[in-house]
J.: 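Structure incoming, see below.
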Protein chains: 2
Amino acid sequence: MSAVPKQFLHDAVTAKKASIAPFAASEKIYLGGSRPGIRVPMRKISQSDTPSAQGAEKNPDVYVYDTSGPYTDPALAIDLRKGLPAIRQQWIEERRDTEQLSGPSSEYGRLRQVDEQLADMRFEHIRAPRRAKTGVNVTQMHYARQGIVTPEMEFIAIRENQKLHAVKEQWQNQHPGESFGASIPEFITPEFVRDEVARGRAIIPANINHPESEPMIIGRNFLVKINCNLGNSSVSSSIEEEVEKMLWSIRWGGDTVMDLSTGKNIHETREWIVRNSPVPIGTVPIYQALEKVNGKAEDLTWEIFRDTLIEQAEQGVDYFTIHAGIRLAHIPLTAKRTTGIVSRGGSIMAKWCLSHHRESFLYTHFEDICEIMKAYDISFSLGDGLRPGSIADANDAAQFAELETLGELTKIAWKHDVQVMIEGPGHVPMHMIKANMEKQLAVCDEAPFYTLGPLTTDIAPGYDHITSAIGAAMIGWYGTAMLCYVTPKEHLGLPNKQDVRDGIVAYKIAAHAADLAKGHPGAQLRDNALSKARFEFRWADQFNLSLDPEKALEFHDETLPQEGAKQAHFCSMCGPHFCSMKITQDVRDYARQQGLAEAEALEKGMEEMSAEFLKLGGEVYQRS
Amino acid sequence: MSAVPKQFLHDAVTAKKASIAPFAASEKIYLGGSRPGIRVPMRKISQSDTPSAQGAEKNPDVYVYDTSGPYTDPALAIDLRKGLPAIRQQWIEERRDTEQLSGPSSEYGRLRQVDEQLADMRFEHIRAPRRAKTGVNVTQMHYARQGIVTPEMEFIAIRENQKLHAVKEQWQNQHPGESFGASIPEFITPEFVRDEVARGRAIIPANINHPESEPMIIGRNFLVKINCNLGNSSVSSSIEEEVEKMLWSIRWGGDTVMDLSTGKNIHETREWIVRNSPVPIGTVPIYQALEKVNGKAEDLTWEIFRDTLIEQAEQGVDYFTIHAGIRLAHIPLTAKRTTGIVSRGGSIMAKWCLSHHRESFLYTHFEDICEIMKAYDISFSLGDGLRPGSIADANDAAQFAELETLGELTKIAWKHDVQVMIEGPGHVPMHMIKANMEKQLAVCDEAPFYTLGPLTTDIAPGYDHITSAIGAAMIGWYGTAMLCYVTPKEHLGLPNKQDVRDGIVAYKIAAHAADLAKGHPGAQLRDNALSKARFEFRWADQFNLSLDPEKALEFHDETLPQEGAKQAHFCSMCGPHFCSMKITQDVRDYARQQGLAEAEALEKGMEEMSAEFLKLGGEVYQRS
């Protein structure tokens, strides 16, 4: 693994990189809250006018949820070496329930800090960690249950509303949805956010040691979110590549990022990512713990794992995947499977359990883990170590036995006021997806569900962002709160930047399709605006309103590169003399020429023809 | 438009082109029927052995449905200039109900035949057309209703069964599906095919002038099919490109191909495509008719349209999209739409209706059209000219009014024993898709539904193969018989070869996901085989069994190019020391070392621990 190249830092600092350039016709705006510190970022997309006989008709700005952080704000200086501004610092300090430590309290964290060989790759401005004062609980769930509305909660309410209520006329006629029992309010108040977090139906991943993060929420009564995975492995990748993937992830719409590194220098890579990430970061601590015992699962101990949790907690990881649901009794249930145990964490713990003939230390020390989580406000992502790795294994006894244990663990975590979401499958055919959602809601009391896809068939390696986007859209509609993306490289290799982009856009599609189907207030506004632009041949507006404006423009220009084509009232599919959109406009113009409203013109025509209708065919069709 | 380049022909003839090269580890085999002429093509994929302590375990060959035609059979000489062998010729002649014409009976067909300027692009071996003897009906539906099982029907029964009953042990435990009232038999007999065609629940697009086509069927009780569109426009493409796209389409799994050309030399382009296509070809004749009147919809006449139908019928087009369902009274229902009329055919007919204040000649001459269809056995694809072009317009009054008219027209076509399928939307949010299928089944008496997507959101131009694959998979599950693909270029430009490939694979995924969800007999076999190969690190087998082996291999090699990596018991995602699949095998090996069956080993462990379970946590979890 190389050090962090100067050129990379230079490019990023000078904001020349495609990965952090602002989008066309877009402006970063901030909505204020009840106090100066609250500045909620949004992306404003401006549109061109619609030309018409009565003079130009203005088209309204469209505001969209923005995960890209300070990078797309030209007003801010970007310096990856210094990291992002700590926007939550003051809120955290004001609560006076945490203390500043002199340095890392994990053994491993201290070792890495003084290792000379790491000097050239170590992040320069490591902040000394904070921790809850002894015996104090600093989770957003704990505050919520005390009836406290935190600035994080207010920030989230403003963010989720997306400024939609100023423009209600643009979406009030959207299709009513089917939400399968979700309770989505038309307007989200800070109090609603508090209440959802208090009852465990939503989580706010917000480690006190990640003050750079812009608060976001995961719950079935909010916008469906997506997670992107990155991370090196022992055969590939560097710190530079992983930071690049993080920037790329948030640019295209990743709501959270999981660092799944299993290679060298995991600690240093993570520091670079967390310090520069405006979105919550998740990890699977057992991966790093396993590196510490040279890949020998049976050598893992609670002490090594505990030190790893504290090491990562003090770097600012916002949620931990913990595979505590795998019990010794579940493992025989996988013996007859087509693909056994495909979760890495699950496999590690299964091997440990067998080697020691014991329940795992994750399960037996679960309450000890809760104590750590509440001292930093880290959320659980209870791992589905027994998720099916093939269509054949979908919804089997092993999978559902683990899910029931996750339900039990959820109640324990809630007893400690620790936030929890539940991980889900996997590989599931379409007709068996709903049963997963229903069982999860039943046994986990509406704790947010966080699923990987599911993939709806096994036969398309190279295209699993698509096999899984189908399942993800459906399970998102049924009630899943966050969708973990799958890239085209799934099962085949480590994703590169382009794979990350393809995976994210596929999942933004799935998440938005789910919001539309649930009837999320205002979800249809962007579809309406883009379709109107398309119908009016406002090509640039169509591109700018899309999930990936650069790709849309690139594809359009492959056939009609000329700038003029972007004003043209036709496209390459039909050509100038033969375009359905154009003809529809002609239809309307024709009616106007008649000096009649369109409907009248048509009725007039129909009256004239009414007699003929009967003669020509009316009868025939009544007879048949 | 250029002539057909010699180099293209040379490359194709010598079968050097990627578009017609056989797939790795695959062999083209033919299954016989009740007579010598019936040779049903399939692709046999062979697998490597599974190494084990007890010696190598053989893995069975996997047979898959093969749309690629003679091109992937190395034993056959390919010459695009001569076209494909006429495998159905004898069957058609034996029926003695058709006559060989001396030449084209359409005015336009005759004109093109003698035009000197077209010499360099004209297909050399144009066959004189056949037509039914006067007053005779030659449709597969007519034969079916006479109780006749045609060779086409027997061919289809063998093809749909996919040789699955020889290997039933490989899929008999597949998940039972949910077919929403479909009647899918476990074994498909020629008599079942006949019965489904007789009752109009399935169609066999098989023009007597396209004897090169390998019989296939479209119906909800058979495998879900996909259609691929190609065709030039006035701003782009050539005969070479279109023939290439056809070859590319059938290679990746297109079951039918629609030639939507709207540019120059439509007639010559079509001849090249039909003569070289082993799959049914569909067209939208109104597109060419419009070219004949220089794009002026109002100048269209029944006579021009009729001549176009005969011109295309005698070239061998297997199904026609006819937008006869647009009635004058429907048009005002589109006036308030966000995107008006987006179907080209629909727009043309709407404009004609308004200009003339008349019902369209498609509607008033519908029975005359039936007379032409039954003289060549062309199937109707009743066009949804009023399909929604945006989420906002989904399931509206205009769309459903037209669908009801299509139901009436279906009954008229059936009165003539003419085969019919019904085209469907379009843009529809997930929760409104099922209503489309249910209404279509109700008003069209289970005539096959053939949908474009539907797209589940409007906001992802550049990725509409994905927005629509989601909707396509769902509506396929609900009962749609054929899915019309959408490429990434939809709304933006004309698809190139790569776009065609991306669109097809996305739709093969949707169709197969639908077959799995419907519980189609044997559908899970390929998933099971590929997943077993994946679990056993048989990388080459995993690639060869996938929908796009070349893409899978390419992605794998991006991270681990070495040949050795394809035998490796790990992959780039985890690296050698840390792979869930590997660990699962270790788990099983560990059990074996104990000299115990795995389950026993685990039980033993659990017994030892049983006391400890209670002490360590059992209680805690009972309490909570």
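Naming: A, B, ... by sequence-line order, numbering from 1 per chain.
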J.: Give a yes or no on whether the backbone of B:Pro176 and the side-chain of A:His431 come within a donor-acceptor separation of less than 3.5 Å.
T.: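 Judged by distance alone, yes, a pair lies under 3.5 Å.
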J.: For the interface with chain A, which of B:Glu554, B:Gln542, B:Lys532 has the highest count of heavy-atom pairs at distances below 4.5 Å?
T.: B:Gln542
J.: Can you list everything that forms a side-chain hydrogen bond (donor to acceptor under 3.5 Å, both in side chains) with A:Thr467? Sequence neighbours excluded, please.
T.: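 Partners of A:Thr467 by the side-chain hydrogen bond (donor to acceptor under 3.5 Å, both in side chains) criterion, ordered by chain and then number, come out as A:Asp464.
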J.: Please look at A:Met432 and chain B and tell me whether the side chain, the backbone, both or neither of the residue comes under 4.5 angstrom of a heavy atom of that chain.
T.: side chain
J.: If I measure from the heavy atoms of chain B, does A:Ile470 come under 4.5 Å with its side chain, its backbone, both, or neither?
T.: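 For A:Ile470, backbone and side chain are both near chain B.
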J.: Examine distances only and state if a side-chain atom of B:Asp527 and a backbone atom of A:Ile391 form a donor-acceptor pair shorter than 3.5 Å.
T.: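 No; zero donor-acceptor contacts below 3.5 Å.
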J.: Taking every heavy-atom pair that is under 4.5 Å apart, which of B:Ala517, B:Ala514, B:Gly462 has the most such pairs with chain A?
T.: B:Ala517
J.: How long is the span from the OG1 atom in B:Thr339 to the CG atom in A:Leu530, to the nearest 0.5 Å?
T.: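 If we round to the nearest 0.5 Å, B:Thr339:OG1 and A:Leu530:CG are 11.0 Å apart.
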J.: List the steps and the verdict of side chain to side chain contact (heavy atoms under 4.5 Å, CB included) for A:His491 and B:His556.
T.: CA-CA 8 Å; A:His491 300 119; B:His556 173 272; over 6 Å; no
J.: Heavy-atom pairs under 4.5 Å with chain B are the metric here; pick the option from A:Asn395, A:Thr405, A:Leu547 that has the most.
T.: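 Max contact count across the listed options: A:Leu547.
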J.: Compare all side-chain heavy atoms of A:Thr457 with those of B:Ile509 and state whether any distance is below 4.5 angstrom.
T.: yes
J.: Between B:His512, B:Gln174, B:His175, which has the largest tally of heavy atom pairs under 4.5 Å with chain A?
T.: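 Most heavy-atom pairs within the cutoff with chain A belong to B:His175.
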J.: Can you tell me which of B:Cys353, B:Ala473, B:Ala460 forms the most heavy-atom pairs within a distance under 4.5 Å of chain A?
T.: B:Ala473
J.: For each of B:Asp393, B:Ile459, B:Thr456, tally heavy-atom pairs with chain A at distances under 4.5 Å, and name the one with the top tally.
T.: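 If we count pairs closer than 4.5 Å to chain A, B:Ile459 comes out on top.
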J.: What distance separates A:Ile341 CD1 from B:Phe535 CZ, expressed to the nearest 0.5 Å?
T.: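 These two atoms lie 8.5 Å from each other.
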J.: Relative to chain B, which of A:Ser546, A:Pro495, A:Pro461 shows the most heavy atom pairs under 4.5 Å?
T.: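 Between A:Ser546, A:Pro495, A:Pro461, the count favours A:Pro461.
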J.: To the nearest 0.5 Å, what is the distance between CG (A:Leu492) and CD (B:Glu558)?
T.: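 Going from CG on A:Leu492 over to CD on B:Glu558, the span is 10.0 Å.
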J.: Side chains of A:Met474 and B:Trp477: closer than 4.5 Å at any heavy-atom pair?
T.: yes
J.: Just verifying a value: how many Å separate A:Lys508 NZ and B:Tyr463 OH, rounded to the nearest 0.5 Å?
T.: 13.0 Å
J.: Which atoms of A:Glu178 come close to chain B, meaning under 4.5 Å heavy atom to heavy atom: side chain ones, backbone ones, both, or neither?
T.: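 Looking at A:Glu178, backbone and side chain both touch chain B.
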J.: Counting heavy-atom pairs under 4.5 Å to chain B, which of A:Val505, A:Asn528, A:Leu545 comes out on top?
T.: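 Result: the option with the highest number of such pairs is A:Val505.
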J.: Counting only non-hydrogen atoms closer than 4.5 Å, does A:Ala523 touch chain B with its backbone (N, CA, C, O), its side chain (CB onward), both, or neither?
T.: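 No part of A:Ala523 comes within 4.5 Å of chain B.
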J.: Please classify the contact of A:Asn496 with chain B as side chain, backbone, both or neither, using a heavy-atom distance under 4.5 Å.
T.: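 The side chain, not the backbone.
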J.: In Å, rounded to the nearest 0.5 Å, how long is the span from OG of B:Ser390 to CD of A:Gln524?
T.: 8.0 Å
J.: Please state whether the side chain, the backbone, both or neither of B:Pro488 comes within less than 4.5 Å of a heavy atom of chain A.
T.: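 Both backbone and side chain.
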